[in-house]
2 protein chains.
Amino acid sequence: MTPRSCSIANALEVVGERWSLLALREVFFGNTRFDQIAANTGASRDVLAARLKKLVSAGVLEKVQYSSHPPRHEYHLTDSGRALHNVLLMLREWGDQYVTEGPPPQVFQHSCGHVLHPRVVCAHCGEEVSPESLTRAAQPTH
Amino acid sequence: MTPRSCSIANALEVVGERWSLLALREVFFGNTRFDQIAANTGASRDVLAARLKKLVSAGVLEKVQYSSHPPRHEYHLTDSGRALHNVLLMLREWGDQYVTEGPPPQVFQHSCGHVLHPRVVCAHCGEEVSPESLTRAAQPTH
DNA sequence: CTCCTAAGTTGGCTTTCCCAACTCACGTTA
DNA sequence: TAACGTGAGTTGGGAAAGCCAACTTAGGAG
């Protein structure tokens with residue numbers, strides 16, 4: 001059988017390799033330069049260079065020059081990259097709850113003043129989404 | 001420098017390898033048996049066996065026997081595994097919006113009757129979470 | 001007996017990954 | 001001007017992981 005066509009699989013084609021999401025985490029933290037990303041993730045430089053190139057060509061990051069003499073650039077998030085914030089939030093929340101032992105290594109405060117605990121809700125009704133609250137809708141005819 | 005301690009990295013240690021999240025997707029779809037998972041993901045059987053073993057030992061899945069003669073089992077989600085649903089939802093949403101060309105391969109209907117578009121909100125105030133709405137809170141002293 | 005199914009294992013080959021060292025373009029210090 | 005520093009990668013070689021097809025094991029069905 002041929003594997004299921006699925007946007008999760010498509011997403012993982014782009015950001016599913018090792019170091020890709022960690023590189024993006026660093027960019028969200030404001031560490032937008034090659035050496036910062038390498039140091040904070042622990043990725044080897046050759047693999048990191050390959051991942052960044054792929055993320056740029058996939059439109060998740062863009063290379064922005066911030067100095068021409070000497071030529072230097074940083075990696076900035078595109079809209080697509082910014083939209084990955086949600087994925088990182090949920091991954092961190094899951095890691096905090098089920099993997100990391102002891103207190104969370106990072107804690108974030110939401111603009112409402114409270115410590116953030118992200119929750120996934122239906123954009124239409126605002127109710128929390130559980131696996132049981134979903135049914136598969138009709139497939140688009142292809 | 002030593003890499004940043006982070007629950008995203010910890011989470012990816014567990015579910016970040018290729019095929020792990022796709023195997024979990026299948027279990028959420030109700031395809032809980034080895035051959036089903038292999039067929040629907042496209043993973044090679046040896047790698048899939050290794051991934052499932054790892055997910056079981058990490059407490060994300062559990063092996064449940066459903067027949068003793070012949071001995072047969074299926075993979076069921078634990079609480080930890082069920083909590084990954086949010087990650088898959090956000091990954092699919094991102095894939096639908098930024099990677100998959102054309103209409104989404106799967107559409108889900110929420111129990112409220114509408115097509116699901118998941119959204120991440122702050123559990124306390126219910127407002128949508130953006131990268132800019134967050135500030136880093138004090139680190140726990142270690 | 002022989003065939004069939006589920007759930008892996010095994011062997012052999014190919015592709016990635018990792019690490020340290022090197023390059024290259026430029027600026028700075030002495 | 002020579003030596004040194006910095007940012008951003010490349011390169012080379014060995015180790016690890018991945019891929020595929022075929023094999024195994026434990027039992028049931030015809």
Side-chain angles (χ1 to χ4, degrees), chain A residues 1-4 9 12-27 29-58 60-77 81, chain B residues 1-4 9 12-27 29-58 60-77 81:
Chain A
M1 194 205 280
T2 159
R4 187 192 297 282
L12 291 173
E13 283 300 307
V14 176
V15 297
E17 288 170 301
R18 201 171 174 203
W19 307 119
S20 294
L21 285 173
L22 295 182
L24 286 163
R25 172 197 73 188
E26 289 307 312
V27 178
F29 278 146
N31 299 128
T32 58
R33 304 189 189 168
F34 189 89
D35 280 7
Q36 297 177 314
I37 299 172
N40 287 313
T41 59
S44 55
R45 307 173 70 78
D46 56 347
V47 174
L48 181 60
R51 292 294 177 275
L52 291 171
K53 194 168 290 182
K54 180 165 179 177
L55 291 173
V56 168
S57 78
V60 175
L61 293 176
E62 53 190 356
K63 224 169 172 175
V64 176
Q65 186 160 309
Y66 67 90
S67 150
S68 51
H69 282 279
R72 292 279 186 272
H73 22 70
E74 352 181 80
Y75 293 93
H76 285 197
L77 294 161
Chain B
M1 194 205 279
T2 159
R4 187 192 297 281
L12 291 173
E13 280 304 304
V14 177
V15 297
E17 288 169 301
R18 201 173 173 202
W19 307 119
S20 294
L21 286 173
L22 295 183
L24 286 163
R25 173 197 72 188
E26 288 307 312
V27 177
F29 278 147
N31 298 130
T32 59
R33 303 188 189 170
F34 189 90
D35 280 8
Q36 297 176 313
I37 299 172
N40 287 314
T41 59
S44 56
R45 306 174 70 78
D46 56 346
V47 174
L48 181 61
R51 292 294 178 275
L52 291 172
K53 194 168 290 183
K54 181 167 181 177
L55 291 173
V56 168
S57 79
V60 176
L61 292 177
E62 52 190 356
K63 225 169 171 174
V64 176
Q65 187 159 309
Y66 67 88
S67 150
S68 51
H69 283 278
R72 292 280 187 273
H73 21 71
E74 355 181 77
Y75 293 93
H76 285 198
L77 294 161

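What you see is a predicted model, and the numbers here were worked out from it, not measured in a lab. Sequence lines set the chain letters: A, B, ... in the order given, protein chains first and strands last, and positions in each chain run from 1.
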Per-nt protein contacts along nucleotides 18-27 of chain C (heavy atom under 4.0 Å; B base, S backbone sugar-phosphate only, - none) come out as BB------SS

OP1 or OP2 of C:dA6 versus the side-chain N and O atoms of B:K63: is any pair under 4.0 Å?
no

message: Counting only side-chain nitrogens and oxygens, does B:Y75 get under 4.0 Å of the OP1 or OP2 atom of C:dG8?
response: yes

Pairwise side-chain contact, [X] with [Y], heavy-atom cut-off 4.5 Å (strictly under):
X     : Y     : answer
B:Y75 : B:K63 : yes
B:V47 : B:R51 : yes
B:L22 : B:N40 : no
B:R4  : A:N31 : yes

By side-chain hydrogen bond (donor to acceptor under 3.5 Å, both in side chains), A:K53 pairs with (sequence neighbours left out) none

Residue set satisfying side-chain hydrogen bond (donor to acceptor under 3.5 Å, both in side chains) with B:E74, at least two apart, ordered chain then number -> B:T32, B:R33, B:H76

Salt bridge (Lys or Arg N to Asp or Glu O under 4.0 Å) filter on B:D35, not counting sequence neighbours, yields B:R45

Work out which heavy atom in [X] is nearest to a heavy atom in [Y]; give both atom names and the distance.
X     : Y     : result
B:R18 : A:E13 : NH2-OE2, 4.2 Å
A:V15 : A:L21 : O-CG, 3.6 Å
A:S44 : A:D46 : OG-OD1, 3.0 Å

Would you kindly give the [atom1]-to-[atom2] distance between [X] and [N], to the nearest whole Å?
X     : N      : atom1 : atom2 : answer
B:F34 : D:dT25 : CZ    : C1'   : 14 Å
B:D35 : D:dT24 : CG    : C1'   : 14 Å
A:H73 : D:dT6  : NE2   : P     : 18 Å
B:I37 : C:dA7  : CD1   : P     : 9 Å
A:E17 : C:dT16 : CD    : P     : 9 Å
B:L22 : D:dG18 : CG    : C1'   : 15 Å
B:Y66 : D:dG27 : OH    : P     : 14 Å

Of the listed C:dA7, D:dG9, D:dA8, the closest approach to the A:R33 side chain comes from D:dA8

Residues in residues 48-58 of chain B with a heavy atom under 4.0 Å of DNA chain C, by number, are B:A49, B:K53

The reported gap from CG in B:L48 to CZ in B:F34 (rounded to nearest 0.5 angstrom) is 4.5 Å

Bend of the helix from C:dC1-D:dG30 to C:dA30-D:dT1 from end-axis comparison, five pairs per end, nearest 10°, comes to 10°

